Each structure stands twice: as structure tokens, then as C-alpha cells.
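All heavy atoms count here, side chains included; hydrogens, waters and symmetry mates do not. Every value quoted in this text rests on a predicted model; they were computed, and no experiment measured them.
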Amino acid sequence: MLLIPSKFEGVPLTMLEAMARELPVIASNVDGMAEILPQSWLFPYGDCAALVDTLRRVRNSDNALYWKQTESA
């Protein structure tokens with residue numbers, strides 16, 4: 001799992017590399033990341049409670065995409 005809590009970010013190479021390795025990416029809802037990632041894997045920048053909720057939601061998800069990604073990690 002990759003966490004990107006950036007305030008300003010385009011499309012970071014780190015995120016693309018993690019996605020290429022089929023790792024789940026959780027990121028702040030800014031710029032390019034919001035255009036690529038599922039809305040449920042984003043959180044408002046600076047909102048620690050939302051970050052924790054997002055981490056828990058993704059970790060506890062029975063979403064097939066999430067499990068597919070974690071199997072290869």
C-alpha cells in the first residue's frame with residue numbers, strides 16, 4: 001500500500017510505479033491524483049480523521065480490485 005498525503009501534486013511517478021506493481025494507492029484529493037484514483041481511495045488534504053477512515057476502509061474492503069492488488073504485493 002502506498003500513501004501520498006501531498007498538498008500539491010501532479011501525477012507522481014511513485015504513484016504510477018505502485019499502480020504498475022498493482023499496489024493500492026491512498027492519496028490526498030488534489031490535482032492529478034484525483035483524476036486517476038477511485039474517489040473512495042482519496043481523502044481531503046490535511047484531514048487526519050478522513051485519512052484514518054480511508055486507510056481503514058481500503059484495508060477492510062472486500063472490493064475485488066483491492067484484493068487483487070494485495071495478492072501480488
Flag the pair Leu42 / Thr54 as yes when at least one side-chain heavy-atom distance between them is below 4.5 Å, and no otherwise.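 The answer is no, as the side chains (C-beta and beyond) never meet within the 4.5 Å cut-off.
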Side-chain atoms of residues 45-52: list all donor-acceptor pairs with protein atoms under 3.5 Å, sequence neighbours left out, distances to 0.1 Å.
residue : atom : partner : partner atom : Å
Asp47   : OD1  : Ala49   : N            : 3.3
Asp47   : OD1  : Ala50   : N            : 3.0

To check you understand the geometry: which heavy-atom pair defines the closest contact between Leu2 and Met15, and what is its length?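 Heavy atoms of Leu2 and Met15 come nearest at CD2-CA, 3.9 Å.
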Where is the tightest heavy-atom contact between Val58 and Ser40, given as atom of each residue plus distance?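 Looks like CG2-O, 4.3 Å.
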Under 3.5 Å, which donor-acceptor pairs do the side chains of residues 25-37 form with other protein atoms, sequence neighbours left out?
residue : atom : partner : partner atom : Å
Ser28   : OG   : Ser6    : N            : 3.3
Ser28   : OG   : Ser6    : O            : 2.4
Asp31   : OD2  : Glu9    : N            : 3.1

